[in-house]
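Working notes, beginning with the structure itself.
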Amino acid sequence: MLRIGCHLSSSRGFLAMGKDAVKIGANTFQFFTRNPRGGKAKELDLKDLEAYVVFAKEHGIAQILAHAPYTLNACSKDEGLRNFAKETMADDLFRLSHLPESMYNFHPGSHVQQGLGVGVSYISGMLNEILTPETKTTVLLETMAGKGSEVGRSFDELRQILERVELSEKMGVCLDTCHVYDAGYDIVHELELVLKEFDEILGLERLKAIHLNDSKNPFASHKDRHEKIGQGSIGLEAMAAIINHPKLRQLPFFLETPNELPGYAEEIALLRSRYEEADEEP
Ligand code: FE
Ligand code: FE
Ligand code: ZN
């Protein structure tokens with residue numbers, strides 16, 4: 001069965017997101033842990049969480065993906081901003097300990113003229129401070145398009161971070177199709193080769209989730225503007241190949257396309273219609 005969902009607004013709480021997910025035919029979803037521009041998270045509403053967990057079980061919603069505010073920069077030049085990223089992420093992970101089998105995705109950051117090496121050491125240093133043997137949530141680094149001085153524009157940059165993280169068994173990678181295509185990985189014509197490279201550099205067992213987005217810009221543009229499925233430079237056929245690929249088809253897929261709920265429902269239905277059910281699956 002295709003595991004697919006989209007990014008949902010968390011402003012009305014977890015139960016509301018669960019209900020929205022069911023309404024649009026999703027069996028997972030992504031949400032921001034707090035206002036994407038940063039700031040304080042709302043008080044944890046344990047009643048809402050409990051109700052959500054029951055609802056999710058009843059409706060087969062599994063392994064939701066929390067997304068850190070994209071404004072956090074773990075490798076900022078400014079120590080105060082680095083500490084803010086660390087404290088926010090530590091608090092997010094604490095909150096997520098209430099949600100069984102959730103995952104947490106973040107953008108590695110931008111090194112802004114400090115150089116890749118400095119960026120990598122700040123990011124891995126932060127992870128070494130916030131991950132503990134008790135951390136239950138799998139923390140994912142997102143593949144980035146490489147605009148400006150973004151860290152994570154190549155599989156090798158992500159490997160450099162991961163190999164410096166002591167509890168790296170807690171870590172995985174979220175592959176964003178728009179980002180990798182914009183970064184110069186040709187998932188349209190050379191999917192097999194891209195996955196081979198991912199496997200050689202990072203190990204495919206590290207790949208835990210896929211952000212399924214088309215791109216408004218051409219290959220290797222380093223832009224990062226998401227487009228609706230089938231309406232961008234990646235196209236529907238490449239998306240269908242990705243969700244059906246033997247090494248990817250069991251992963252959870254998350255749409256972050258420019259849509260409201262009805263648009264997401266359409267994309268989910270479209271992708272489900274292109275998913276080839278296999279009988280050997282559990
Ligand atoms: Fe992201
Ligand atoms: Fe993404
Ligand atoms: Zn993006």
Side-chain angles (χ1 to χ4, degrees), residues 3-10 26 28-38 63-75 85 88-89 92-93 96 102-110 119 123 126-127 137-155 157-158 161 171-185 187 194 198 202 206-229 231-234 238-239 242-243 248 251-259 263-264 267-268 271:
R3 299 164 67 196
I4 190 164
C6 66
H7 188 90
L8 294 173
S9 161
S10 52
T28 186
F29 60 88
Q30 175 178 267
F31 63 100
F32 282 126
T33 53
R34 58 191 76 213
N35 187 311
R37 303 234 155 253
Q63 216 176 29
I64 57 176
L65 181 58
H67 196 306
Y70 51 75
T71 44
L72 295 185
N73 188 2
C75 59
T88 302
M89 288 182 48
D92 281 350
L93 286 178
L96 288 169
S102 58
M103 302 191 286
Y104 183 57
N105 173 65
F106 77 105
H107 297 179
S110 293
I123 298 160
M126 178 196 72
L127 288 165
T137 305
T138 305
V139 178
L140 310 184
L141 296 167
E142 183 166 352
T143 58
M144 301 310 293
K147 55 176 167 12
S149 62
E150 267 174 355
V151 180
R153 66 183 62 216
S154 68
F155 301 154
E157 290 191 6
L158 297 181
I161 298 169
M171 300 286 306
V173 172
C174 173
L175 184 144
D176 186 309
T177 54
C178 168
H179 296 179
V180 293
Y181 192 65
D182 283 15
Y185 290 100
I187 52 173
V194 172
F198 189 104
L202 287 160
R206 286 268 187 211
L207 183 55
K208 304 291 189 197
I210 295 197
H211 282 168
L212 205 58
N213 303 309
D214 214 323
S215 174
K216 280 194 197 294
N217 290 289
F219 178 63
S221 58
H222 300 288
K223 282 284 205 306
D224 186 4
R225 299 271 315 282
H226 303 183
E227 181 55 283
K228 293 180 183 169
I229 301 298
Q231 298 185 24
S233 54
I234 298 175
M239 293 296 175
I242 288 166
I243 59 172
L248 308 177
L251 291 169
F253 296 92
F254 301 91
L255 299 161
E256 302 175 305
T257 45
N259 278 304
Y264 279 131
E267 286 189 349
I268 289 169
L271 290 161

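Remember, it's 1-based here, ligands and their atoms both numbered in the order they're listed.
Of the possible donor and acceptor atoms, one in the side chain of N213 sits under 3.5 Å from a partner among the backbone N and O of E256.
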Between E150 and K147, is a salt bridge (charged side-chain N to carboxylate O under 4.0 Å, His left out) present by the stated rule, with each step listed? CA-CA 6 Å; E150 267 174 355; K147 55 176 167 12; 2.7 Å; yes

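Between D92 and R34 there is a salt bridge, since at least one side-chain N of the basic residue sits less than 4.0 Å from a carboxylate O of the acidic one.
For the Zn ion (ligand 3), protein N, O or S atoms under 2.8 Å: 3 in total. Here the Fe ion (ligand 2) has protein N, O or S atoms under 2.8 Å from it, and they come to 4.
Taking the six-membered ring where the residue is Trp, H107 and H67 present perpendicular rings, their angle passing 60° and hence far from 30°.
Evaluated for a side-chain contact (heavy atoms from CB on, under 4.5 Å) with L251, the options I242, L175, L207 yield exactly one hit, L207. Of the residues listed (H226, Q30, H179), the one engaging H211 in a side-chain hydrogen bond (donor to acceptor under 3.5 Å, both in side chains) is Q30, and it is the only one. For the pairing with C6, the side-chain contact (heavy atoms from CB on, under 4.5 Å) check across L255, L212, T257 returns one residue only, L255.
Judged by distance alone, the side chains of N105 and E142 do bring a donor and an acceptor atom under 3.5 Å apart. Using modelled atom types and a 3.5 Å distance limit, the side chains of N217 and D182 yield no donor-acceptor pair.
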